[in-house]
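In what follows, a single structure is set out as structure tokens and then discussed.
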Amino acid sequence: MEYDFKSIESKWQSYWAQKQTFKAVKDSEKPKFYVLDMFPYPSGAGLHVGHPLGYIASDIFSRYKRLKGFNVLHPMGYDAFGLPAEQYAIQTGQHPEVTTTKNIARYREQLDKIGFSYDWDREVKTCDPAFYKWTQWAFLKMFDSWYDTDADKARPISDLIARFETTGYDGISASAWKEASAKEKSDILMNYRIAYQGETAVNWCPKLGTVLANDEVKDGLSLRGGYPVEQKKMTQWQLRVSAYASRLLDGLDKLDWTDSLKEMQRNWIGKSQGTEVQFLCGEQKKAVTIFTTRVDTIFGVTFMVLAPESELVDELTTAENRAAVDEYLLYVKKKTERERIAETKSVTGVFSGSYGINPLTGEKVPIWISEYVLAGYGTGAIMAVPAHDSRDYAFAKKFNLPIVPIIEGCDVSEQSFDAKEGIMCNSGFLDGMDVKTAIERAKDYVEQKGLGRRKTNFRLRDAIFSRQRYWGEPFPIYYKDGIPTAVPFDKLPVELPQISEFKPTEAGEPPLARAKDWTYEGYPLETSTMPGFAGSSAYYLRYMDPHNSEALVDKEVVSYWRNVDLYIGGTEHATGHLIYSRFWNKFLYDLGYVCEDEPFRKLINQGMIQGRSNFVYRIVGTNKFVSFGLKDQYDTTEIHVDINIVRNDRLDMEAFKAWRPEFADAEFVLENGEYICGWAVEKMSKSMFNVVNPDDICASYGADTLRLYEMFLGPLEQSKPWDTKGIDGVNRFLKKIWRLFYDREKWLVSDEKANAQELKTLHRLIGKEQEDIETFSFNTTISAFMIAVNDLTAMKCSKREILEPLVVLLSPFAPHIAEELWQRLGHEDTVTYATFPEYEEKYTVEDSCTYAVSFNGKTRFTADLPKSLDKDAVEKAVRAMEQTSKYVGEQNIVKVIVVPGKIVNIVLK
RNA sequence: GCCUUGGUGGUGAAAUGGUAGACACGAGGGACUUAAAAUCCCUUGGACAGAAAUGUCCGUGCGGGUUCGAUUCCCGCCCGAGGCACCA
């Protein structure tokens, strides 16, 4: 009987589906373990082999954890709202829902072929009203909450209103509040709500006709589509993520994420501790607050700079400078974001005509306006210290402003001295101090004299939450007499209306303005929709209780599953989804809806799988193709060739002729009778003919081979090109396992007792697999497996005592063949419910080993031996010590004691 | 510019202070076969010596250092990948 993966795989896939083998139930007996994949956006192109990499890893881990006695929650769903479906709809008139449904079906079909152990009963789709009801619900909760900085948590807005009414709050007295109109009250509350409407500079993408969040823009271009983005002041819905900046930063410390990812988030949050100082500026002696991290350099201030967008610009521009300033503002405004970035090095600016007074020296310094100062960070105004800040330095050089060094002995003739080191000079009371001391002393001084205060700033901005698009969650907000008002909770979801055209209206309104009767109780509903990250921010909670129509997740359910123990996905979400989700979760935590303040305890970033393209070389002006090794002898053009007609870089010449009509009469210049193709690593894409479809691999090798191969390719976190070259190796490995059970038609498995050698092979594998899976080192596990199987084959070992546990060990990696063999071994239940075999020390360790090695006097050698000490490890250590003794002489006898499970102890005489 | 990574055979890679290259691919040779596929066995980092078993030297991006011993730890460079980038 041969290994027939086709029938085995379809048999077990339908068995699992029918028997609901992977259905997770809330079971407080077993410890829970929640394994989550980042759910995919179902694009029209379907899955390529790169997509399942992380899914396979998480599936192996899930299956392993089940064997280890955990109650595993392992769900899957679709991030189904998004731009591509909508753009397709604009082009074709086809409703995004139709294409999305079709794409989801295709994804599901592809996923099913790989044999994942998902609990499909828990599937979620973000575009499903039953799902986005809870996205809208969370939004309304945010609308109904404010951030209480004293309690450092979100609270219901009713608390804030009560404060306004009784004692007043934050500079608004109770009487002022009572006198305010409904509209004024609404405007005041907007300044506090977690989800609020406010005017800010936003990333506006004219081509897409929508605003974008910071993480959706890269290098001044939209991430989706790559269209130019400009800064524009607009009123938009926003989430007060910045209120959580500090907690988002501190929370990172206790997470088991990679350092690089945590670092990315830290940089994105961008905490900086400094001081705000007031300078009196202009004729009116207007107090202008600046932010600096280097108050110690205040004696070196020679000018001030305002951001062009700052409100102070108008006020501080003198009549005689008005024309020049206006011209400059116009110049800045015309620039696109991309141009600004491209021209970062060029220095521009204009003098306002006004002067500010340095509060410490009383000196008058000119106030300039320049785009190198950002309106959105700090106060939009800075004090410039050209001697000790490279940007100020460049500006001073360009406009001939004075440069005053205040650190002893530094040379500022060519560049500024930015380092925080040295001894202060020209700095009044700070003279003679070391910079670090001076920073603290200057902060104290400024605070004591009432000139300013310590301040922590964050780079993290509030998230712009509205998009002028159709295919997203509608806002449960209507405008009653112009006041944004929440649709009551019991009226959720506010369903996306049917429209027939998906473009913005002629008047420039979002597509929802086209909907008939888009109103609530006669009042107009909000026409923007929510951004992509809305639906993905709490989906991991919804999986816990996906059919609940009363709550996002039941309290008791969430207190069982708590949070995600293992999350696997790409780094591309570092500053988007992974920040928003953490924010969203912390908000729900504040309100008591979830019981953990961090959603994802451990996070693994799988690497990207790139494509490996193949090339043929056409001799210019002919239809003759020359093999790779000979191409330098001719003048050739490189042409991408479909990798499906290339095997191991050898071109299938007949298939090539049939591939394209223009190649039908192609001729070849061969080397050794073969046509060798060139290759390169590129992004996997249709246009480069290098897309590998997992279905094809499943059809020709089977899902088990695909799973093993993707893991065998290298470390999970590393990016690597897909290369089918090595796939035969893992396929052979599975066949070898099969042959331990069958010699053609003959069943080989016997009940004979295993010998020590065979047991040692098995138990070494158990130890290795356990250790490696826990560290996500799947490629080395598979290597260990291959060695074990080769050993058993060589020993002709087909004993049940060995093979039964072997099948269990195999099942996380190659579940289909494992199930089949498990059944053939006579088991009625599935291998999923088996128990991970115990690692038994007695087969690998001789109880205790004492070795004597000679030394000379003072040597302190230590050998780090693995916890699972076996004889080999001990011998290895002893060899090492013998090596050492060669160098140090043999005068003194040293006793080396090896204890099972623990290190080597060296006793010196 | 700053942060984070990584650099080992023809290829994917293993080894985190102790025999570098496990395991796998590819390549070469052989067995079985009418033949092919499949399967199995041998060789496979480089150089040199030898008829051969085998031996010697070199070798983990480059240059130093610590150590009896370094792919591994430390210092300084070079190159690649990813992220951030006028954040005061």
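Letters A, B, ... mirror the listed sequences (proteins, then strands); counts begin at 1.
Of the residues near RNA chain B, A/M383 and A/K735, the one whose nearest nucleotide (by heavy atom distance) lies more toward the 5' end is A/K735. When the nearest nucleotides of RNA chain B are assigned to A/G729 and A/T379 by heavy-atom distance, the more 5′-ward of the two goes with A/G729.
Side-chain proximity of A/T780 to B/A88, B/A14, B/C3: nearest is B/A14. Picking from B/C86, B/G26, B/C40 the nucleotide with the shortest atom distance to the side chain of A/D728 gives B/G26. For A/R739, the listed nucleotide lying nearest its side chain is B/C40; candidates were B/G83, B/C84, B/C40.
Nucleotides B/U71 and B/U60 place their P atoms 7 Å apart, quoted to the nearest Å. Distance check on atom P: B/G28 versus B/G17 gives 40 Å, rounded to whole Å. Between the P atoms of B/U44 and B/G55, the separation comes to 13 Å (whole Å). B/C23 and B/G9 are spaced 14 Å apart, taking the C1' atom of each and rounding to whole Å. With both ends at atom P, the span from B/G63 to B/A24 equals 34 Å, rounded to whole Å. Rounded to whole Å, the separation between the P atoms of B/U34 and B/U56 comes to 47 Å. Straight-line distance between the C1' atoms of B/C62 and B/G30: roughly 43 Å, to the nearest whole Å. Nucleotides B/G21 and B/U8, compared at atom C1', are 7 Å apart to the nearest Å.
Looking at heavy-atom distances under 4.0 Å, A/R612 makes no contact with the nucleic acid at all. Across all strands, A/K455 comes closer than 4.0 Å to no nucleic acid atom at all (heavy-atom distances). Residue A/I787 is in sugar-phosphate contact alone, with no base atom involved, counting any heavy-atom pair closer than 4.0 Å across all strands shown.
Judged by distance alone, the side chain of A/H388 and the main-chain N or O of A/I406 form a donor-acceptor pair under 3.5 Å.
Counting to the nearest Å, the P atom of B/A24 and the CZ atom of A/F778 are 20 Å from each other. For the pair A/I609 CD1 and B/A81 P, the interatomic distance rounds to 19 Å; values are reported in whole Å. Note: CH2 (A/W257) to P (B/U4) measures 18 Å, nearest angstrom. At whole-Å resolution of the value, CG in A/L261 and C1' in B/C3 are 13 Å apart. Distance CE (A/M608) to P (B/G6): 18 Å, rounded to an integer number of Å. Atom CG in A/L252 sits roughly 14 Å away from atom C1' in B/U4 (whole-Å rounding). The separation between A/F813 atom CZ and B/C23 atom P is 18 Å, rounded to whole Å. Computed from coordinates, the A/Y372 OH to B/A88 C1' distance equals 8 Å when rounded to whole Å.
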Hey, can you pull the donor-acceptor pairs under 3.5 Å for the side chains in residues 783-797 of chain A, sequence neighbours left out?
{"residue": "A/S783", "atom": "OG", "partner": "A/N779", "partner atom": "O", "Å": "3.4"}
{"residue": "A/N790", "atom": "OD1", "partner": "A/K736", "partner atom": "NZ", "Å": "3.1"}
{"residue": "A/N790", "atom": "ND2", "partner": "A/M786", "partner atom": "O", "Å": "3.4"}
{"residue": "A/T793", "atom": "OG1", "partner": "A/V789", "partner atom": "O", "Å": "2.7"}

Within the sub-3.5 Å range, which N or O atoms of nucleotides 9-13 of chain B have a protein N or O partner, and how far apart are they?
{"residue": "B/G12", "atom": "O2'", "partner": "A/L713", "partner atom": "O", "Å": "2.4"}
{"residue": "B/A13", "atom": "OP1", "partner": "A/Q718", "partner atom": "OE1", "Å": "2.8"}

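Because its glycosidic torsion is within 90° of 0, B/G9 is reported here as syn.
A distance below 6.0 Å separates the ring centres of A/F303 and A/F395.
Residue A/I290 holds its CD1 atom at 11.5 Å from CG of A/L306, rounded to the nearest 0.5 Å.
Helical stems in RNA chain B, defined as runs of 3 or more consecutive Watson-Crick or G-U wobble pairs with donor-acceptor distances under 3.5 Å: B:1-7 with B:78-84, B:10-12 with B:23-25, B:26-31 with B:39-44, B:45-49 with B:54-58, B:61-65 with B:73-77.
Contact annotation: A/N790 side-chain N/O to B/A24 OP1/OP2 distance is under 4.0 Å. A sub-4.0 Å separation between OP1 or OP2 of B/A88 and a side-chain N or O of A/Y377 is present. Considering only side-chain N and O atoms, A/S272 lies under 4.0 angstrom from the phosphate OP1 or OP2 of B/A88. The phosphate of B/A85 (OP1 or OP2) has a side-chain N or O of A/R459 nearer than 4.0 angstrom. Using a 4.0 Å cut-off, some side-chain N or O of A/R732 falls inside it from OP1 or OP2 of B/C25.
A/E371 and A/T348 share a donor-acceptor pair across their side chains, judged by distance under 3.5 Å alone. There is no side-chain donor-acceptor pair under 3.5 Å between A/T781 and A/E769. For A/N690 and A/S613, the side-chain atoms include at least one donor-acceptor pair closer than 3.5 Å. Residues A/N457 and A/S272 bring no donor and acceptor atom of their side chains to less than 3.5 Å of each other.
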A/S627 and A/Y675: CA distance, side-chain angles, deciding distance, side chain to side chain contact (heavy atoms under 4.5 Å, CB included) verdict: CA-CA 5 Å; A/S627 184; A/Y675 189 97; 4.2 Å; yes
Trace of the side chain to side chain contact (heavy atoms under 4.5 Å, CB included) decision for A/M684 with A/V49: CA-CA 9 Å; A/M684 207 174 262; A/V49 284; 3.7 Å; yes
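Heavy-atom minimum distance, A/T275 versus A/K443: OG1-CG, 3.4 Å.
Using bins of under 30°, 30° to 60° and over 60° for the plane-to-plane angle, the ring pair A/F778/A/F776 lands in the perpendicular bin.
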